Amino acid sequence: MKDEEIRAALTAELAELEELQEMSAEARAPVELDQTTQGRLSRMDALQTQAMALETQRRRQQRRLRVKAALDRLDDGVYGACITCGEDIEKKRLALDLTTPTCLDCAS
């Protein structure tokens, strides 16, 4: 892939992650624990749903950081080079995940 294609793919992924973040805000809202309006099982279900939404948010945030770091490496002209040893990252490895920061040797 060319740098422009990589940048476009990473930028599109970043926009999608931010859109998903906004769409899921309601699911992460605090759960009302008023026993007069909601049964115990409903509250437990709401708490579980909130916990899953918070974990999804955490994972999206980590992915956003990886995408931004890859865009920074692209801007700095070092995209595709391992951040640990400086050797080129295998093309197949980058094709699987455009945000991969290390070569296979350093990742192990």
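Remember, it's a predicted structure, so these values are computed and weren't measured experimentally.
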Pairs where residues 50-59 contributes a residue and the test salt bridge (Lys or Arg N to Asp or Glu O under 4.0 Å) is met, not counting sequence neighbours: E55-R58, E55-R59
Could you give the distance from CG (L10) to CG (L74), rounded to the nearest 0.5 Å? 7.0 Å
Can you tell me how far apart CG (L98) and CD (E5) are? Round to the nearest 0.5 Å. 10.5 Å
Test of understanding: with side-chain hydrogen bond (donor to acceptor under 3.5 Å, both in side chains), list the residues that count as partners of T11, not counting sequence neighbours. none
Identify each donor-acceptor pair in which a side-chain atom of residues 101-108 lies under 3.5 Å from a protein atom, sequence neighbours left out, and give them as a table.
residue, atom, partner, partner atom, Å
S108, OG, L104, O, 2.8

Side chains of R64 and Q61: do they bring a donor and an acceptor to under 3.5 Å? yes
According to the side chain to side chain donor-acceptor pair (under 3.5 Å) rule, which pairs have a member within residues 68-96, sequence neighbours left out? R7-D75
If you round to the nearest 0.5 Å, how far is CD of E19 from CZ of R60? 10.5 Å
Set of salt bridge (charged side-chain N to carboxylate O under 4.0 Å, His left out) partners for D97, sequence neighbours left out: R63, R66
I6 CD1 to T99 OG1 distance, which is reported to the nearest 0.5 Å: 12.0 Å
For E4, check side chain to side chain contact (heavy atoms under 4.5 Å, CB included) against everything at least two apart and list the hits. K2
Distance, nearest 0.5 Å, that separates CG of L94 from CD1 of I89: 5.0 Å
